[in-house]
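Atom set for the values below is all heavy atoms of this structure, side chains included, hydrogens, waters and symmetry mates excluded. As the structure is a prediction and not an experimental result, all values here were calculated from the model.
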Amino acid sequence: MTMLTRSAAILALLAGPALAQDGTAPAPDTQAQAQFRAPSDARVPAAGPDWQSFHGQVSGAKFSPLDQITPDNVAQLELAWRAQTGDVSDGSGDLPATVWSATPIYANGLLYIGTPFYRVIAYDPATGEQVWSFDTQSTLKALTQPALKNRGVAYWQADDPQHGAACQKIVYLGTMDAQLFAIDADSGVPCEDFANGGVLDVNQWNTLNDRWPLSLLQPPTIVGDHVIIGWAGNDWDWAEAPPGSVFSVNAQSGALEWTFDTLPEDIRARTGTANVWTAMSADEDRGIVYLPVASPSPNYWGGNRTEDIPYATSTTALDVDTGEVIWSRQWVHHDIWDYDINAAPTLMDITVDGENVPALMQPTKMGFLFVVNRETGEDIWRIEERPVPAGDIPGERYAETQPFPTVPAPLLDQSRLPDVWTLADIASFGECSALWEDMRYDGMYTAPTTEGAGAGAYPNSAGVVQWGGVGFDPERQIAVVNLSHVVQHIQLYDRSRYDEINGAAGTGESGFHPQTGAPYGMSLKTALNRWGMPCWEPPFGEIMAIDMTSGETLWRKPFGMSQRYGFYMPESWGSPTIGGPAITAGGLIFIGATMDGMVRAYDLETGEALWRDLTEAPSVANPAVFEHEGAQYVAFVSGGNSILKPSVGDMVSVYRLPD
């Protein structure tokens, strides 16, 4: 495990009314509530044999109705084909390193992959033969991120595609320099009628504090004929940054339909971000898109933004046709911990106390799973406002309370730091114990400080749950989540001290960042000893299943193997994880996500590990499950992520049962 590098981050509406005590921002008027296009008993549409979006379905469920592969035969799963794109860099040459997290998309009888060199490749799903490829010719520079990043492509098709007409089916790919490409899914040729000859310049809307481009690293979310676009930026380096905004454009023309601004107009110039950099989800029948909104800038000091910012670090539900707010729940008040909402909420229809409930589960970096009614934003299981500690930085504002869900239980105990790992402490002659003594930790919301080794950050800024999110089986009403246990410490430095320590500019790898424009620079460091061993007790990662009729845990176990210097650690220690699960009607969980480069299958009902294979790098992308010509396939992308370890790859691996 290596030091955490920078996590990626991101004219119609102003910020809405102040939050109620439970964190709810009501709709601006009753008209928005009346715009639902389905009755209250409408359910999440059934999944199909394709895998047409980042999470399989726009609901975020990551569920396949396919049952050809089962717990009884999954051990026979074999490699159908393997391909390497060639689009990879370890950062040692002229190009930045790559971080590749692209979920494969199966649609239109092809498997589509986006690469970190901003190319699209269409493969024959059965053989791996390349059908076509398209190169955006984008600049390969780390403009907003420390690496070249890509999480894949999005797919759209017309309700009634006209045979022989171009661009009735479109693949979309975004670039770090804020260009969105629309490509004919059949031919790989740009769609001339989309924006400017097939390219939409999203950066044309970057007009305030435009210190960097609105990077399009996450594929857009497709809801009907709407292409809904969030963006990523440059965390931790600026107090004043581009303000958070989400854009909806027409799928075929690229014409702007609406813009949603997350920050109140009167403070946008002196803060920024609160963007949507991860995937969104949507209830297509009700016409609602759900935004997981990040924190404002700068991330670890909020003296420039002491006013309420209701949509920051929230789940916000918008009318997909107008961009108007239907409801919003803020999960962190006055966020000074970079606790971005980093994963799409998972929509689920569940039976609670005998009633069918249209639910939404929002996983968070904090290790909370907030469950609310997706029509109204109201609690399904009680969410409480509880007191949290204040800090000691002059001019800072500290929220008196924060929301805590009661069911499901928190994924880890945030009231205390994990115990010091005896093995790491002995190996480093007491370094870990000394660090624990020097850190301040009064619970999860311990405020950043200049004192000692700073404030303990547990959970850490990368998150207990990462952007892979939560999977859900609608038939068994079981949710599946993989999670990490990582301890960091945040330290603030007044401006003169920061400049003395770190010079004019920090770097992502050093853990120092200037927060330019704020009176404090900062460092964020993972709690490792001199040998790079975690100072906290294992397990470092787990996987678990939850009964969503009650919120109770069905099973939970360490997940993956940590790896250092080429050696695998015991499986009981687990591994930090990035990437989420895919669930099948056959009763299986498919997942990569771990340091060890393995891809695995688990029995959904028991948690028993049933199958695994080794790939060249951590498979930090969500897998895809699809049916092609009567056979069920499972596809993984193994691209690596420096948050886990310095290993990169360009491998696509596709599995099926023997003929």
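Nearest approach of Thr278 to Ala343, heavy atoms of both residues: CG2-N, 3.7 Å. Closest of all the heavy-atom pairs between Gly580 and Asn622 is N-OD1, 2.6 Å. Scanning all heavy atoms of the two residues, the minimum distance from Pro146 to Pro96 falls at O-CB, 4.5 Å. Closest heavy-atom contact between Thr103 and Pro623: CG2-O, 4.2 Å. Of all non-hydrogen atoms in Thr346 and Val470, the two that sit nearest each other are OG1-O, 2.7 Å. Here the closest non-hydrogen pair linking Trp555 and Ile543 is CZ3-O, 3.6 Å.
Glu542 is linked by a salt bridge (charged side-chain N to carboxylate O under 4.0 Å, His left out) to Arg556, counting only residues two or more places apart in sequence or in another chain. Take Asp650 and apply the salt bridge (charged side-chain N to carboxylate O under 4.0 Å, His left out) test, not counting sequence neighbours, and it matches no residue. Considering only residues two or more places apart in sequence or on other chains, Tyr172 meets the ring pair (Phe, Tyr, Trp, His ring centres under 6.0 Å) condition with Phe194. With sequence neighbours left out, the salt bridge (charged side-chain N to carboxylate O under 4.0 Å, His left out) criterion links Asp94 to no other residue. The salt bridge (charged side-chain N to carboxylate O under 4.0 Å, His left out) test applied to Glu431 returns Arg530, not counting sequence neighbours. With sequence neighbours left out, Trp421 forms a ring pair (Phe, Tyr, Trp, His ring centres under 6.0 Å) with Phe540, Trp573.
Of the N and O atoms on the side chains of Gln137 and Asp135, at least one donor lies less than 3.5 Å from an acceptor on the other residue. If you check the side chains of Ser101 and Arg151, you find no donor sitting under 3.5 Å from an acceptor. Between the side chains of Lys365 and Asn342, no donor-acceptor pair of N or O atoms lies under 3.5 Å. Counting only N and O atoms by type, the side chains of Asn108 and Asp186 include a donor and acceptor under 3.5 Å apart. Side-chain atoms of Arg600 and Thr594 include a donor-acceptor pair closer than 3.5 Å. Looking only at atom types and distance, the side chain of Thr139 has no donor-acceptor partner in the side chain of Asp177 under 3.5 Å away.
A salt bridge does not link Asp596 with Arg612: every distance from a Lys NZ or Arg NE/NH1/NH2 to an Asp or Glu carboxylate oxygen is 4.0 Å or more. Salt bridge annotation for Asp184-Lys169: absent, with no cationic side-chain nitrogen under 4.0 angstrom from a carboxylate oxygen.
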- Can you list the steps and then say if Lys62 with Asp473 is a salt bridge (charged side-chain N to carboxylate O under 4.0 Å, His left out)? CA-CA 8 Å; Lys62 296 173 279 293; Asp473 181 333; over 6 Å; no
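A cation-pi arrangement is absent between Arg656 and Trp81 under the rule of less than 6.0 angstrom and at most 45 degrees off the ring axis.
Shown here is Glu129, whose CD atom has no more than 12 heavy atoms of other residues, nucleotides or ligands within 6.0 Å.
Between Tyr655 and Trp611, the distance separating the two ring centers is shorter than 6.0 angstrom.
At least one side-chain heavy atom of Leu173 sits less than 4.5 Å from a side-chain heavy atom of Asn150.
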